[in-house]
Amino acid sequence: MRAVITVVGQDKIGIIAEVSRVLSENKINILDISQTIMQDMFTMIMLVDVEKSDVSFKEISDRLDKLGEKLSLSIRIQHEDLFHSMHRI
Amino acid sequence: MLNSLEILETVKMIAEEHLDIRTVTMGISLLSCAGSDVKTVCNQVYDKITRQAEKLVKTAEDIETEYGIPIINKRISVTPASMILGGTPTPSDFVQLAKILDRAAETTGVNFIGGFSALVHKGMTVGDAALIASIPEALRVTERVCSSVNVGTTRAGINMDAVAQMGRIIKETAELTKERDGFGCAKLVVFCNAVEDNPFMAGAFCGVGEPDAVINVGVSGPGVVKCALEEVRGADFGVVAETIKKTAFKITRMGQLVAQEASRRLQVPFGIVDLSLAPTPAVGDSVAHILEEMGLERCGTHGTTAALALLNDAVKKGGVMASSYVGGLSGAFIPVSEDAGMIEAAQVGALSLDKLEAMTCVCSVGLDMICVPGDTTAETLSAIIADEAAIGMVNNKTTAVRLIPAPGKKVGDMVEFGGLLGTGPVMPVNSYESGAFIARGGRIPAPIHSLRN
(Lines give C-alpha, C1' and ligand atoms only; values in the text may rest on other atoms or scores of the structure.)
Protein backbone atom coordinates (compact mmCIF):
# COMPACT_ATOMS: atom_id res chain seq x y z
CA MET A 1 0.00 0.00 0.00
CA ARG A 2 1.22 3.47 -0.84
CA ALA A 3 0.54 6.45 1.34
CA VAL A 4 1.04 10.19 1.24
CA ILE A 5 2.80 11.92 4.14
CA THR A 6 2.31 15.65 4.55
CA VAL A 7 4.42 17.71 6.90
CA VAL A 8 3.45 21.32 7.50
CA GLY A 9 4.82 23.81 10.01
CA GLN A 10 7.61 26.15 11.01
CA ASP A 11 10.84 25.47 9.13
CA LYS A 12 13.82 24.27 11.17
CA ILE A 13 16.96 22.23 10.70
CA GLY A 14 16.57 18.47 10.40
CA ILE A 15 12.89 17.96 9.61
CA ILE A 16 13.54 15.75 6.61
CA ALA A 17 16.22 13.87 8.50
CA GLU A 18 13.93 13.19 11.46
CA VAL A 19 10.95 12.10 9.36
CA SER A 20 13.16 9.90 7.18
CA ARG A 21 14.69 8.33 10.27
CA VAL A 22 11.27 7.27 11.62
CA LEU A 23 10.33 5.93 8.20
CA SER A 24 13.49 3.90 7.79
CA GLU A 25 13.20 2.53 11.33
CA ASN A 26 9.78 1.26 10.36
CA LYS A 27 10.91 -0.13 6.99
CA ILE A 28 8.95 2.39 4.99
CA ASN A 29 10.36 3.18 1.57
CA ILE A 30 10.26 6.76 0.23
CA LEU A 31 9.17 6.78 -3.43
CA ASP A 32 8.92 10.50 -4.05
CA ILE A 33 9.56 13.62 -2.06
CA SER A 34 8.94 17.31 -2.63
CA GLN A 35 9.52 20.17 -0.31
CA THR A 36 8.89 23.88 -0.48
CA ILE A 37 8.29 26.94 1.66
CA MET A 38 4.75 28.19 1.16
CA GLN A 39 3.69 31.41 2.89
CA ASP A 40 6.59 31.02 5.35
CA MET A 41 5.49 27.49 6.15
CA PHE A 42 7.63 24.46 5.59
CA THR A 43 5.59 22.07 3.45
CA MET A 44 6.78 18.60 2.56
CA ILE A 45 4.94 15.90 0.69
CA MET A 46 6.22 12.35 0.51
CA LEU A 47 4.90 9.37 -1.35
CA VAL A 48 5.86 6.22 0.55
CA ASP A 49 5.44 2.48 0.30
CA VAL A 50 4.41 0.85 3.59
CA GLU A 51 4.19 -2.68 2.19
CA LYS A 52 7.39 -3.93 3.85
CA SER A 53 6.72 -2.32 7.19
CA ASP A 54 6.22 -4.75 10.04
CA VAL A 55 4.10 -2.45 12.21
CA SER A 56 0.42 -1.59 11.71
CA PHE A 57 -0.67 1.52 9.87
CA LYS A 58 -2.10 2.86 13.12
CA GLU A 59 1.26 2.42 14.82
CA ILE A 60 3.05 4.24 12.00
CA SER A 61 0.52 7.03 12.20
CA ASP A 62 0.94 7.28 15.98
CA ARG A 63 4.75 7.37 15.70
CA LEU A 64 4.59 10.16 13.14
CA ASP A 65 2.12 12.00 15.36
CA LYS A 66 4.54 11.77 18.23
CA LEU A 67 7.36 13.07 16.07
CA GLY A 68 5.08 15.90 14.91
CA GLU A 69 4.48 16.89 18.53
CA LYS A 70 8.20 16.83 19.25
CA LEU A 71 9.01 19.05 16.29
CA SER A 72 5.88 21.24 16.63
CA LEU A 73 4.75 20.26 13.14
CA SER A 74 1.66 18.67 11.70
CA ILE A 75 2.54 15.27 10.21
CA ARG A 76 -0.13 13.16 8.57
CA ILE A 77 -0.03 9.88 6.76
CA GLN A 78 -2.96 8.97 4.55
CA HIS A 79 -3.74 6.25 2.03
CA GLU A 80 -2.87 7.45 -1.47
CA ASP A 81 -6.32 6.49 -2.83
CA LEU A 82 -7.97 9.31 -0.89
CA PHE A 83 -6.25 11.93 -3.03
CA HIS A 84 -6.80 10.07 -6.27
CA SER A 85 -10.49 9.65 -5.63
CA MET A 86 -10.96 13.29 -4.67
CA HIS A 87 -9.07 14.89 -7.52
CA ARG A 88 -9.27 12.42 -10.43
CA ILE A 89 -12.29 11.21 -12.32
CA MET B 1 0.52 11.82 -10.67
CA LEU B 2 -0.94 13.87 -7.86
CA ASN B 3 0.19 17.42 -7.54
CA SER B 4 1.14 19.08 -4.28
CA LEU B 5 -1.61 21.68 -4.34
CA GLU B 6 -4.29 19.02 -4.59
CA ILE B 7 -2.78 17.08 -1.72
CA LEU B 8 -2.52 20.17 0.45
CA GLU B 9 -6.07 21.19 -0.44
CA THR B 10 -7.40 17.86 0.83
CA VAL B 11 -5.30 18.05 3.99
CA LYS B 12 -6.52 21.59 4.66
CA MET B 13 -10.16 20.59 4.16
CA ILE B 14 -9.82 17.90 6.81
CA ALA B 15 -7.56 19.73 9.24
CA GLU B 16 -9.05 23.22 9.14
CA GLU B 17 -12.43 23.12 7.46
CA HIS B 18 -14.13 20.26 9.33
CA LEU B 19 -14.42 17.97 6.36
CA ASP B 20 -15.52 14.60 7.65
CA ILE B 21 -17.71 11.62 7.04
CA ARG B 22 -20.73 12.32 9.19
CA THR B 23 -21.90 8.75 9.43
CA VAL B 24 -21.34 5.22 8.25
CA THR B 25 -24.69 3.56 8.84
CA MET B 26 -25.32 -0.12 8.47
CA GLY B 27 -28.88 -0.95 7.52
CA ILE B 28 -29.94 -4.31 8.89
CA SER B 29 -33.19 -5.99 7.90
CA LEU B 30 -34.99 -7.53 10.85
CA LEU B 31 -37.72 -9.13 8.74
CA SER B 32 -36.08 -12.52 9.26
CA CYS B 33 -36.60 -12.06 13.03
CA ALA B 34 -40.33 -11.30 12.78
CA GLY B 35 -42.68 -13.29 14.96
CA SER B 36 -45.37 -12.95 17.59
CA ASP B 37 -43.48 -14.15 20.65
CA VAL B 38 -41.75 -11.08 22.06
CA LYS B 39 -39.02 -12.96 23.84
CA THR B 40 -38.05 -15.01 20.78
CA VAL B 41 -38.14 -11.94 18.54
CA CYS B 42 -35.96 -9.99 20.98
CA ASN B 43 -33.37 -12.77 21.13
CA GLN B 44 -33.22 -13.04 17.36
CA VAL B 45 -33.03 -9.27 16.93
CA TYR B 46 -30.15 -9.01 19.37
CA ASP B 47 -28.30 -11.89 17.73
CA LYS B 48 -28.78 -10.62 14.21
CA ILE B 49 -27.71 -7.04 14.94
CA THR B 50 -24.69 -7.96 17.02
CA ARG B 51 -23.58 -10.57 14.48
CA GLN B 52 -24.09 -8.40 11.44
CA ALA B 53 -22.58 -5.24 12.91
CA GLU B 54 -19.89 -6.95 14.98
CA LYS B 55 -17.05 -5.36 13.01
CA LEU B 56 -18.78 -2.15 11.94
CA VAL B 57 -17.14 0.20 14.44
CA LYS B 58 -13.71 -1.41 14.18
CA THR B 59 -13.79 -1.31 10.37
CA ALA B 60 -14.86 2.33 10.31
CA GLU B 61 -12.07 3.18 12.75
CA ASP B 62 -9.52 1.38 10.58
CA ILE B 63 -10.65 3.34 7.53
CA GLU B 64 -10.49 6.52 9.59
CA THR B 65 -6.84 5.81 10.45
CA GLU B 66 -5.69 4.69 7.02
CA TYR B 67 -7.28 7.51 5.08
CA GLY B 68 -6.93 10.13 7.77
CA ILE B 69 -10.60 11.09 7.43
CA PRO B 70 -12.63 11.52 10.62
CA ILE B 71 -15.74 9.33 10.62
CA ILE B 72 -17.86 11.00 13.27
CA ASN B 73 -20.64 8.48 13.75
CA LYS B 74 -21.05 4.76 13.29
CA ARG B 75 -24.69 3.81 13.36
CA ILE B 76 -27.24 1.13 12.66
CA SER B 77 -30.66 1.40 11.09
CA VAL B 78 -33.14 -1.46 11.23
CA THR B 79 -36.47 -2.44 9.70
CA PRO B 80 -39.36 -0.38 11.15
CA ALA B 81 -39.90 -2.15 14.45
CA SER B 82 -43.70 -2.13 14.13
CA MET B 83 -43.35 -4.72 11.35
CA ILE B 84 -41.48 -7.33 13.26
CA LEU B 85 -43.84 -7.97 16.17
CA GLY B 86 -46.84 -9.91 14.90
CA GLY B 87 -49.99 -11.03 16.71
CA THR B 88 -51.42 -8.37 18.99
CA PRO B 89 -48.40 -6.71 20.56
CA THR B 90 -48.82 -4.27 23.44
CA PRO B 91 -46.91 -1.05 24.05
CA SER B 92 -44.93 -2.78 26.78
CA ASP B 93 -43.84 -5.43 24.27
CA PHE B 94 -42.40 -2.65 22.15
CA VAL B 95 -40.66 -1.05 25.12
CA GLN B 96 -39.01 -4.42 25.68
CA LEU B 97 -37.94 -4.49 22.02
CA ALA B 98 -36.58 -0.94 22.31
CA LYS B 99 -34.44 -2.01 25.27
CA ILE B 100 -33.04 -4.88 23.21
CA LEU B 101 -32.20 -2.51 20.36
CA ASP B 102 -30.48 -0.25 22.87
CA ARG B 103 -28.47 -3.16 24.24
CA ALA B 104 -27.49 -4.32 20.74
CA ALA B 105 -26.34 -0.78 19.94
CA GLU B 106 -24.24 -0.69 23.09
CA THR B 107 -22.68 -4.08 22.37
CA THR B 108 -21.72 -3.11 18.83
CA GLY B 109 -20.43 0.29 19.99
CA VAL B 110 -22.60 2.47 17.73
CA ASN B 111 -23.92 5.74 19.15
CA PHE B 112 -27.44 5.50 17.72
CA ILE B 113 -29.73 2.84 16.35
CA GLY B 114 -32.66 3.99 14.22
CA GLY B 115 -35.77 2.15 13.18
CA PHE B 116 -38.03 2.20 16.21
CA SER B 117 -40.48 3.28 13.58
CA ALA B 118 -43.91 2.92 12.07
CA LEU B 119 -45.17 3.84 8.60
CA VAL B 120 -48.76 4.95 9.04
CA HIS B 121 -49.36 7.35 6.15
CA LYS B 122 -52.62 5.68 5.24
CA GLY B 123 -53.62 3.94 8.42
CA MET B 124 -52.39 2.02 11.43
CA THR B 125 -52.10 -1.68 12.12
CA VAL B 126 -52.40 -3.01 15.66
CA GLY B 127 -48.59 -3.15 15.77
CA ASP B 128 -48.21 0.43 14.53
CA ALA B 129 -50.62 1.72 17.17
CA ALA B 130 -48.84 -0.17 19.94
CA LEU B 131 -45.44 1.02 18.82
CA ILE B 132 -46.52 4.65 18.63
CA ALA B 133 -48.11 4.43 22.09
CA SER B 134 -44.84 3.02 23.43
CA ILE B 135 -42.57 5.76 22.02
CA PRO B 136 -42.45 8.10 25.07
CA GLU B 137 -41.57 5.30 27.48
CA ALA B 138 -39.20 3.65 24.99
CA LEU B 139 -37.27 6.89 24.54
CA ARG B 140 -37.20 7.45 28.28
CA VAL B 141 -35.70 4.07 29.13
CA THR B 142 -33.20 3.88 26.26
CA GLU B 143 -30.18 5.96 25.40
CA ARG B 144 -29.38 5.15 21.78
CA VAL B 145 -32.70 4.24 20.20
CA CYS B 146 -34.15 6.66 17.65
CA SER B 147 -37.75 6.65 16.61
CA SER B 148 -39.60 7.90 13.56
CA VAL B 149 -43.15 7.83 12.29
CA ASN B 150 -44.16 8.46 8.69
CA VAL B 151 -47.54 10.21 8.66
CA GLY B 152 -47.88 11.16 5.00
CA THR B 153 -46.77 10.51 1.45
CA THR B 154 -47.40 12.17 -1.89
CA ARG B 155 -49.15 8.99 -3.02
CA ALA B 156 -51.34 8.46 0.04
CA GLY B 157 -51.98 11.91 1.48
CA ILE B 158 -51.65 12.74 5.15
CA ASN B 159 -53.00 10.60 7.97
CA MET B 160 -54.37 13.36 10.20
CA ASP B 161 -55.30 10.94 12.98
CA ALA B 162 -51.63 10.02 13.18
CA VAL B 163 -50.66 13.70 13.01
CA ALA B 164 -52.97 14.46 15.94
CA GLN B 165 -51.55 11.57 17.90
CA MET B 166 -47.93 12.51 17.22
CA GLY B 167 -48.54 15.94 18.76
CA ARG B 168 -49.57 14.19 21.96
CA ILE B 169 -46.71 11.67 21.75
CA ILE B 170 -44.15 14.49 21.43
CA LYS B 171 -45.64 16.24 24.47
CA GLU B 172 -45.62 13.06 26.48
CA THR B 173 -42.03 12.25 25.45
CA ALA B 174 -40.93 15.73 26.54
CA GLU B 175 -42.72 15.27 29.85
CA LEU B 176 -41.16 11.84 30.53
CA THR B 177 -37.69 13.20 29.82
CA LYS B 178 -38.21 16.61 31.45
CA GLU B 179 -35.22 16.29 33.75
CA ARG B 180 -33.16 16.49 30.55
CA ASP B 181 -35.24 19.31 29.01
CA GLY B 182 -37.29 16.93 26.88
CA PHE B 183 -34.25 15.23 25.40
CA GLY B 184 -36.36 12.25 24.29
CA CYS B 185 -37.88 14.45 21.57
CA ALA B 186 -34.45 14.90 19.98
CA LYS B 187 -34.62 11.20 19.12
CA LEU B 188 -38.08 11.35 17.53
CA VAL B 189 -38.89 12.41 13.97
CA VAL B 190 -42.25 12.73 12.24
CA PHE B 191 -41.91 12.30 8.47
CA CYS B 192 -43.76 12.85 5.25
CA ASN B 193 -42.31 10.82 2.34
CA ALA B 194 -39.72 9.10 4.58
CA VAL B 195 -36.92 7.43 2.62
CA GLU B 196 -35.80 3.84 3.10
CA ASP B 197 -32.04 4.35 2.91
CA ASN B 198 -31.44 7.46 5.01
CA PRO B 199 -28.20 7.08 6.99
CA PHE B 200 -28.85 10.13 9.22
CA MET B 201 -30.44 10.08 12.65
CA ALA B 202 -32.88 10.36 14.20
CA GLY B 203 -34.89 9.38 11.13
CA ALA B 204 -32.91 6.44 9.79
CA PHE B 205 -34.60 3.10 9.26
CA CYS B 206 -33.92 0.22 6.92
CA GLY B 207 -36.80 0.02 4.47
CA VAL B 208 -38.47 -3.19 3.35
CA GLY B 209 -36.98 -2.80 -0.12
CA GLU B 210 -33.48 -3.07 1.30
CA PRO B 211 -31.28 -6.19 1.42
CA ASP B 212 -30.36 -8.12 4.58
CA ALA B 213 -27.60 -5.65 5.30
CA VAL B 214 -26.37 -2.55 3.51
CA ILE B 215 -23.85 0.25 4.01
CA ASN B 216 -25.05 3.82 3.61
CA VAL B 217 -22.76 6.80 4.10
CA GLY B 218 -23.56 10.41 4.90
CA VAL B 219 -20.98 13.05 4.10
CA SER B 220 -20.59 16.46 5.63
CA GLY B 221 -18.65 19.58 4.91
CA PRO B 222 -20.45 22.91 5.34
CA GLY B 223 -17.12 24.37 6.47
CA VAL B 224 -15.44 23.40 3.21
CA VAL B 225 -18.21 25.00 1.13
CA LYS B 226 -18.04 28.16 3.24
CA CYS B 227 -14.26 28.43 2.78
CA ALA B 228 -14.56 27.84 -0.97
CA LEU B 229 -17.13 30.65 -1.20
CA GLU B 230 -14.84 33.02 0.69
CA GLU B 231 -12.55 32.82 -2.35
CA VAL B 232 -15.25 34.15 -4.71
CA ARG B 233 -16.68 37.03 -2.69
CA GLY B 234 -18.71 39.41 -4.86
CA ALA B 235 -18.86 37.08 -7.87
CA ASP B 236 -22.22 36.42 -9.50
CA PHE B 237 -24.46 33.43 -8.77
CA GLY B 238 -23.16 31.42 -11.69
CA VAL B 239 -19.74 31.44 -10.06
CA VAL B 240 -21.24 30.73 -6.64
CA ALA B 241 -23.12 27.68 -7.94
CA GLU B 242 -20.09 26.45 -9.83
CA THR B 243 -17.88 26.77 -6.75
CA ILE B 244 -20.34 24.84 -4.60
CA LYS B 245 -20.68 22.13 -7.25
CA LYS B 246 -16.93 21.58 -7.46
CA THR B 247 -16.61 21.44 -3.69
CA ALA B 248 -19.57 19.08 -3.34
CA PHE B 249 -18.00 16.82 -5.94
CA LYS B 250 -14.83 16.47 -3.92
CA ILE B 251 -16.66 15.95 -0.64
CA THR B 252 -18.83 13.28 -2.19
CA ARG B 253 -15.89 11.47 -3.77
CA MET B 254 -14.54 11.00 -0.29
CA GLY B 255 -17.90 9.61 0.84
CA GLN B 256 -17.96 7.25 -2.11
CA LEU B 257 -14.45 6.03 -1.30
CA VAL B 258 -15.31 5.37 2.34
CA ALA B 259 -18.60 3.69 1.42
CA GLN B 260 -16.92 1.37 -1.07
CA GLU B 261 -14.12 0.55 1.30
CA ALA B 262 -16.47 -0.13 4.24
CA SER B 263 -18.65 -2.26 2.00
CA ARG B 264 -15.67 -4.29 0.76
CA ARG B 265 -14.18 -4.86 4.18
CA LEU B 266 -17.47 -5.75 5.84
CA GLN B 267 -18.66 -7.77 2.85
CA VAL B 268 -21.95 -5.94 2.96
CA PRO B 269 -23.39 -4.34 -0.19
CA PHE B 270 -22.90 -0.61 -0.70
CA GLY B 271 -26.25 1.15 -0.68
CA ILE B 272 -25.96 4.88 -1.21
CA VAL B 273 -24.04 8.03 -0.42
CA ASP B 274 -26.28 10.70 1.04
CA LEU B 275 -25.30 14.11 -0.32
CA SER B 276 -26.59 16.11 2.59
CA LEU B 277 -24.61 19.02 3.99
CA ALA B 278 -24.85 18.28 7.68
CA PRO B 279 -23.71 20.96 10.12
CA THR B 280 -22.40 20.52 13.66
CA PRO B 281 -22.43 23.04 16.51
CA ALA B 282 -18.66 23.54 16.01
CA VAL B 283 -17.59 26.95 14.75
CA GLY B 284 -16.80 26.73 11.04
CA ASP B 285 -19.21 23.88 10.36
CA SER B 286 -22.44 25.78 9.79
CA VAL B 287 -24.91 25.80 6.90
CA ALA B 288 -26.22 29.18 8.10
CA HIS B 289 -22.77 30.66 7.67
CA ILE B 290 -22.68 29.53 4.03
CA LEU B 291 -25.90 31.44 3.40
CA GLU B 292 -24.43 34.45 5.17
CA GLU B 293 -21.26 34.14 3.09
CA MET B 294 -23.48 34.56 0.02
CA GLY B 295 -24.29 38.06 1.22
CA LEU B 296 -26.98 37.86 3.88
CA GLU B 297 -26.33 39.73 7.10
CA ARG B 298 -28.06 36.97 9.07
CA CYS B 299 -29.53 33.64 8.15
CA GLY B 300 -33.31 34.04 8.18
CA THR B 301 -33.47 37.46 6.58
CA HIS B 302 -35.10 38.07 3.18
CA GLY B 303 -33.17 36.20 0.52
CA THR B 304 -32.42 33.20 2.74
CA THR B 305 -34.80 30.87 0.91
CA ALA B 306 -33.28 31.75 -2.46
CA ALA B 307 -29.75 31.29 -1.14
CA LEU B 308 -30.66 27.92 0.32
CA ALA B 309 -32.35 26.82 -2.91
CA LEU B 310 -29.16 27.55 -4.84
CA LEU B 311 -26.98 25.82 -2.26
CA ASN B 312 -29.16 22.72 -2.10
CA ASP B 313 -29.33 22.34 -5.86
CA ALA B 314 -25.63 22.94 -6.45
CA VAL B 315 -24.68 20.37 -3.78
CA LYS B 316 -26.77 17.76 -5.58
CA LYS B 317 -25.45 18.65 -9.01
CA GLY B 318 -21.87 18.44 -7.80
CA GLY B 319 -22.38 15.33 -5.76
CA VAL B 320 -24.40 13.22 -8.12
CA MET B 321 -21.57 12.53 -10.52
CA ALA B 322 -19.16 11.77 -7.72
CA SER B 323 -21.01 8.72 -6.48
CA SER B 324 -22.31 5.64 -8.25
CA TYR B 325 -25.43 5.55 -6.07
CA VAL B 326 -26.91 8.62 -4.48
CA GLY B 327 -29.85 8.41 -2.13
CA GLY B 328 -31.08 9.04 1.38
CA LEU B 329 -32.18 12.58 2.09
CA SER B 330 -29.54 14.36 -0.03
CA GLY B 331 -29.94 18.07 0.64
CA ALA B 332 -28.75 20.73 3.03
CA PHE B 333 -29.86 20.19 6.62
CA ILE B 334 -31.02 23.08 8.75
CA PRO B 335 -31.20 21.73 12.30
CA VAL B 336 -31.34 24.83 14.48
CA SER B 337 -29.66 23.56 17.66
CA GLU B 338 -26.90 21.77 15.71
CA ASP B 339 -25.74 24.76 13.69
CA ALA B 340 -23.80 27.62 15.30
CA GLY B 341 -25.07 30.13 12.71
CA MET B 342 -28.70 29.07 13.08
CA ILE B 343 -28.45 29.35 16.86
CA GLU B 344 -27.09 32.90 16.62
CA ALA B 345 -29.70 33.86 14.03
CA ALA B 346 -32.52 32.53 16.19
CA GLN B 347 -31.14 34.27 19.26
CA VAL B 348 -31.03 37.70 17.64
CA GLY B 349 -34.50 37.21 16.17
CA ALA B 350 -33.44 37.01 12.52
CA LEU B 351 -34.65 33.46 12.12
CA SER B 352 -38.25 32.52 12.89
CA LEU B 353 -40.20 29.29 12.74
CA ASP B 354 -42.13 30.65 9.77
CA LYS B 355 -38.96 31.37 7.83
CA LEU B 356 -37.62 27.92 8.66
CA GLU B 357 -40.83 26.45 7.27
CA ALA B 358 -40.35 28.39 4.04
CA MET B 359 -36.74 27.19 3.86
CA THR B 360 -37.87 23.57 4.09
CA CYS B 361 -39.70 24.00 0.78
CA VAL B 362 -36.35 24.17 -1.01
CA CYS B 363 -34.11 21.86 1.00
CA SER B 364 -34.17 18.78 3.10
CA VAL B 365 -35.32 18.00 5.55
CA GLY B 366 -37.73 19.94 7.64
CA LEU B 367 -38.21 21.66 10.93
CA ASP B 368 -35.31 20.05 12.69
CA MET B 369 -34.10 20.32 16.26
CA ILE B 370 -36.21 23.32 17.11
CA CYS B 371 -37.01 24.07 20.74
CA VAL B 372 -40.44 25.53 21.37
CA PRO B 373 -41.96 26.69 24.67
CA GLY B 374 -42.85 23.95 27.14
CA ASP B 375 -46.46 25.07 27.26
CA THR B 376 -46.99 24.59 23.50
CA THR B 377 -50.12 22.44 23.16
CA ALA B 378 -50.20 19.03 21.51
CA GLU B 379 -52.65 20.45 18.95
CA THR B 380 -50.24 23.22 17.97
CA LEU B 381 -47.43 20.67 17.59
CA SER B 382 -49.76 18.56 15.41
CA ALA B 383 -50.65 21.59 13.31
CA ILE B 384 -46.96 22.36 12.76
CA ILE B 385 -46.48 18.71 11.71
CA ALA B 386 -49.47 18.98 9.35
CA ASP B 387 -48.06 22.10 7.68
CA GLU B 388 -44.69 20.51 7.19
CA ALA B 389 -46.18 17.23 5.92
CA ALA B 390 -48.27 19.23 3.44
CA ILE B 391 -45.12 20.83 2.05
CA GLY B 392 -43.60 17.40 1.59
CA MET B 393 -46.73 15.88 0.11
CA VAL B 394 -47.37 18.61 -2.44
CA ASN B 395 -43.72 19.09 -3.43
CA ASN B 396 -43.00 15.38 -3.70
CA LYS B 397 -40.15 15.60 -1.23
CA THR B 398 -39.20 14.37 2.20
CA THR B 399 -40.05 16.66 5.07
CA ALA B 400 -39.74 16.01 8.76
CA VAL B 401 -40.46 17.56 12.10
CA ARG B 402 -38.28 17.20 15.16
CA LEU B 403 -39.53 19.63 17.77
CA ILE B 404 -38.65 19.80 21.43
CA PRO B 405 -41.33 21.42 23.61
CA ALA B 406 -38.86 21.79 26.49
CA PRO B 407 -40.81 21.48 29.76
CA GLY B 408 -40.79 24.67 31.82
CA LYS B 409 -38.85 26.63 29.19
CA LYS B 410 -39.98 29.95 27.74
CA VAL B 411 -39.15 31.90 24.61
CA GLY B 412 -35.55 33.07 24.77
CA ASP B 413 -34.39 30.38 27.20
CA MET B 414 -31.62 28.08 26.04
CA VAL B 415 -31.84 24.31 26.03
CA GLU B 416 -28.60 22.36 26.28
CA PHE B 417 -28.51 18.89 24.70
CA GLY B 418 -24.77 18.49 24.49
CA GLY B 419 -22.59 16.87 21.87
CA LEU B 420 -23.69 16.95 18.26
CA LEU B 421 -27.27 17.79 19.25
CA GLY B 422 -26.03 21.18 20.43
CA THR B 423 -27.85 24.00 22.15
CA GLY B 424 -31.20 25.40 21.12
CA PRO B 425 -32.82 28.74 21.83
CA VAL B 426 -36.54 28.37 22.57
CA MET B 427 -38.40 29.88 19.59
CA PRO B 428 -41.92 31.30 19.67
CA VAL B 429 -44.86 29.54 18.03
CA ASN B 430 -48.05 31.19 16.81
CA SER B 431 -50.28 31.74 19.84
CA TYR B 432 -53.59 31.22 18.02
CA GLU B 433 -55.34 27.86 18.34
CA SER B 434 -55.43 25.08 15.73
CA GLY B 435 -57.26 22.61 17.98
CA ALA B 436 -60.53 22.38 16.04
CA PHE B 437 -58.63 21.75 12.81
CA ILE B 438 -56.62 18.91 14.30
CA ALA B 439 -59.68 17.43 16.04
CA ARG B 440 -61.33 16.70 12.68
CA GLY B 441 -59.22 13.60 12.10
CA GLY B 442 -59.35 11.45 8.99
CA ARG B 443 -57.03 11.83 6.04
CA ILE B 444 -56.02 14.68 3.82
CA PRO B 445 -56.42 13.13 0.35
CA ALA B 446 -53.38 12.68 -1.86
CA PRO B 447 -52.75 15.62 -4.18
CA ILE B 448 -53.76 15.32 -7.83
CA HIS B 449 -50.21 14.84 -9.01
CA SER B 450 -50.08 11.52 -7.14
CA LEU B 451 -52.20 10.14 -10.00
CA ARG B 452 -49.37 9.66 -12.44
CA ASN B 453 -50.12 6.31 -13.98
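Below, chains carry the letters A, B, ... as their sequence lines are ordered, and counting in each starts from 1. Worth saying up front: this structure is predicted, and the values here are computed from it rather than measured.
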Got more than 12 heavy atoms from elsewhere within 6.0 Å of CG, Asp40(A)?
no
Looking at NZ of Lys58(A) and CD of Glu64(B), how far apart are the two atoms once the value is rounded to the nearest 0.5 Å?
9.5 Å
Crowded around Ile37(A) CD1? As in, over 12 foreign heavy atoms under 6.0 Å?
yes
To the nearest 0.5 Å, tell me how far Tyr67(B) OH sits from Phe57(A) CZ.
9.0 Å
Counting N and O atoms only, with roles assigned by atom type, does the side chain of His87(A) sit under 3.5 Å from a partner on the main chain of Glu6(B), one being a donor and the other an acceptor?
yes
Does the pair His79(A) and Glu261(B) meet the rule for a side-chain contact (heavy atoms from CB on, under 4.5 Å), with working shown?
CA-CA 12 Å; His79(A) 196 303; Glu261(B) 202 50 33; over 6 Å; no
Rounded to the nearest 0.5 Å, what's the gap from CE on Met254(B) to CG on Asp81(A)? Could you check?
14.0 Å
Does the side chain of Arg76(A) reach to within under 4.5 Å of the side chain of Ile14(B), using non-hydrogen atoms?
yes
Other residues, nucleotides, ligands: >12 heavy atoms within 6.0 Å of Lys246(B) NZ
no
Could you check whether any side-chain heavy atom of Leu8(B) comes within less than 4.5 Å of a side-chain heavy atom of Ile45(A), counting everything from C-beta outward?
yes
Chain B heavy atoms under 4.5 Å from Ile89(A): which part of the residue, side chain, backbone, both or neither?
both
Between CZ on residue Phe83(A) and CG on residue Leu257(B), distance to nearest 0.5 Å
11.0 Å
Positive for side-chain contact (heavy atoms from CB on, under 4.5 Å) with Val11(B), one of Thr6(A), Leu82(A), Val8(A)
Thr6(A)
Quick check: do Ile7(B) and Gln78(A) have side-chain heavy atoms less than 4.5 Å from each other?
no
Any chance you could measure Lys250(B), atom NZ, to Ser85(A), atom OG, to the nearest 0.5 Å?
12.0 Å
Can you confirm whether more than 12 heavy atoms, excluding those of Gln10(A), are under 6.0 Å from its CD atom?
no
Evaluate the criterion side-chain contact (heavy atoms from CB on, under 4.5 Å) for residue pair Thr252(B) and Met86(A); output intermediate values, then yes/no.
CA-CA 8 Å; Thr252(B) 311; Met86(A) 237 176 158; over 6 Å; no
Let me know if Thr43(A) has heavy atoms under 4.5 Å from chain B in its side chain, its backbone, both or neither.
side chain
Counting heavy atoms not belonging to Gln267(B), are there more than 12 under 6.0 Å from its CD?
no
Ser34(A) portion near chain B, given a 4.5 angstrom heavy-atom threshold
side chain
